[in-house]
Chemist: 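I am attaching a structure below and will ask some questions about it afterwards.
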Amino acid sequence: MEHLVSSWCNDRSLPESYILPPEKRPGKLTVPLANNIPVIDLGGHDQTDLIQQILEASQEFGFFQVINHGVPSNLMDEAMSVFKEFHALSAKDKAIETSKDPNKSCFIYTSSHNYATEKFHFWRDGLVHHCNPLEKCIQFWPEKPPRYREVVGPYTAEVSNLAFRILEFISQGLGISLGGLGANQTLLVNHYPLCPDPSLTLGLGKHIDPVFINILLQSDVYGLQVFKDEEWVGVEPIPNAFVVNTGYPLQIISNGKLKGAEHRVVTNSNVARTSASYFLSPSNETLIEPAKSLVDASHPALYKSLPYKDFLIKYIAAFTDSKALEEALSTAV
Ligand SMILES: O=C(O)CCC(=O)C(=O)O
Ligand SMILES: [Fe+2]
């Protein structure tokens, strides 16, 4: 808690522990915006066409944006406002507002889950809480800002519907059933304060999300980049759109057909950035393995079978080292 970047960043230059080794630094800060990341109109009525577009985007990029998705734009704006207000609270208030559940289903942290052991830190504070079932979780959510629960409750309900709808399209596209596996729903509200030297650090290092899908509200401040064809490209903020990305468990279940896309977040010296990731993940006991129907003699299983909770242990141990993670999960020795 005492480490929250937002509690000390105004008074200091970039601390050494946030300076990345040269090969991990962002390099060029202005990368091209990826104008080829698909923008999919979910208001379209041809379901077969939608499934096709979503599957192609998930294969090619692991990223796409959705518009006409059904989540009211005023609810998206209000949610973004309360997320920003939460991160503007004092460190003491943030500690109080995230300690309502003794089982820690709501918490705040800095950099990554490995803060204590990692060699360097990322310029990010994250508020995390569970979202389902809503009536059980909401009592542990922040009560400051005062409208947090009133706004974020309906917001997560809407985004949850959207997430299941997109997961269902992906299931149909792959010809497998995923719906029953998506059990955990978590909100991660990221905050990247003004940074004194964006060239030396990152808000979030290169990673693949450890979830089925992430429905991301990225606000109007640019910062998200995707690694595509060995290059970093920026994801353009589009008003009222959500950014959707597929994560590692889908890469495994689809036996490599879909991509868990590598992405990162750069910081900014002029404007702070807040984003909200809505993660739809398997339950802890779910076996994550290539779907039987996608494995045959000419498509051998590329990944081992692991309960999701064991996958997560390997994931956290290798966070931002995608090569090490791929080795730990792959059937190839
Ligand atoms: O802040 C963003 O745009 C992306 C955040 C992200 O990658 C994550 O929450 O996993
Ligand atoms: Fe991510």
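Counting convention: from 1, in listed order, for ligands and their atoms alike.
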Chemist: Which of the listed options, His263, His207, Arg273, holds the heavy atom that is closest to atom 2 (C) of ligand 1?
Modeler: Arg273

Chemist: Measure the distances from the heavy atoms of Arg124 to every atom of ligand 1 and state whether one is below 4.0 angstrom.
Modeler: no

Chemist: In a check of side-chain contact (heavy atoms from CB on, under 4.5 Å) between Leu258 and each of Ile252, Leu174, Ile253, which one passes?
Modeler: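 Option passing the side-chain contact (heavy atoms from CB on, under 4.5 Å) with Leu258: Leu174.
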
Chemist: Got the closest protein heavy atom to atom 8 (C) of ligand 1, with its distance?
Modeler: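 Checked against all protein heavy atoms, atom 8 (C) of ligand 1 sits closest to Ser277 OG, 3.4 Å.
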
Chemist: Considering only heavy atoms of Phe279, which atoms of ligand 1 have at least one such atom less than 4.0 Å away?
Modeler: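 This gives 9 (O), 10 (O) as the contact atoms.
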
Chemist: Salt-bridged, Lys309 to Glu285, with N to O below 4.0 Å?
Modeler: yes

Chemist: Does the ring of Phe120 carry Lys24 above it, NZ/CZ under 6.0 angstrom from centre and within 45° of its axis?
Modeler: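 Lys24 over Phe120 ring: no.
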
Chemist: Would you check the N or O atoms of Asp209, main chain and side chain alike, for any that come under 3.5 Å of an N or O of ligand 1?
Modeler: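 For ligand 1, there is an N or O atom that lies under 3.5 Å from one belonging to Asp209.
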
Chemist: Quick one: are Asn268 and Arg273 in side-chain contact, heavy atoms under 4.5 Å?
Modeler: no

Chemist: To the nearest 0.5 angstrom, please state how far the OH atom of Tyr155 sits from the CG atom of Asp77.
Modeler: 10.5 Å

Chemist: Is there at least one pair of N or O atoms, one from Ser275 and one from ligand 1, spaced under 3.5 Å apart?
Modeler: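 Yes: some nitrogen or oxygen of Ser275 is under 3.5 Å from one in ligand 1.
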
Chemist: Can we say Arg147 and Glu150 salt-bridge, meaning some charged N sits less than 4.0 Å from an Asp/Glu carboxylate O?
Modeler: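 Salt bridge flag = yes for Glu150 with Arg147.
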
Chemist: Is the closest basic N to carboxylate O distance between Glu97 and Lys100 below 4.0 Å?
Modeler: yes

Chemist: Any chance NZ of Lys104 has more than 12 other-residue heavy atoms, nucleotides or ligands included, within less than 6.0 Å?
Modeler: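 Open: at most 12 neighbouring heavy atoms sit under 6.0 Å from NZ of Lys104.
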
Chemist: At less than 4.0 angstrom from any non-hydrogen atom of Val265, what atoms of ligand 1 do you find?
Modeler: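 So the answer, numbered in order with elements, is 1 (O), 2 (C), 4 (C).
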
Chemist: Find all atoms of ligand 1 within a distance of less than 4.0 Å from any non-hydrogen atom belonging to Leu188, and give their numbers and elements.
Modeler: 9 (O)

Chemist: Leu204 heavy atoms, cut-off 4.0 Å: which ligand 1 atoms fall inside?
Modeler: 5 (C), 6 (C), 7 (O), 8 (C)

Chemist: Where's the contact between Val235 and ligand 1, heavy-atom distance under 4.0 Å: side chain, backbone, both or neither?
Modeler: neither

Chemist: State if Arg264 counts as touching ligand 1 under the rule of any non-hydrogen atom under 4.0 Å.
Modeler: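 Under 4.0 Å: no for Arg264.
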
Chemist: Quick one: look at Tyr222 and ligand 1, take heavy-atom pairs under 4.0 Å, and tell me if it's side chain, backbone, both or neither.
Modeler: neither

Chemist: How wide is the angle at the Fe ion (ligand 2) spanned by Asp209 OD1 and His207 NE2, rounded to 10 degrees?
Modeler: 90°

Chemist: For the ring pair His263 and Phe227, is the centre-to-centre distance below 6.0 Å?
Modeler: no

Chemist: Which atom name does His263 have for its N/O/S atom nearest to the Fe ion (ligand 2)?
Modeler: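 Considering only N, O and S atoms, His263 comes nearest to the Fe ion (ligand 2) through NE2.
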
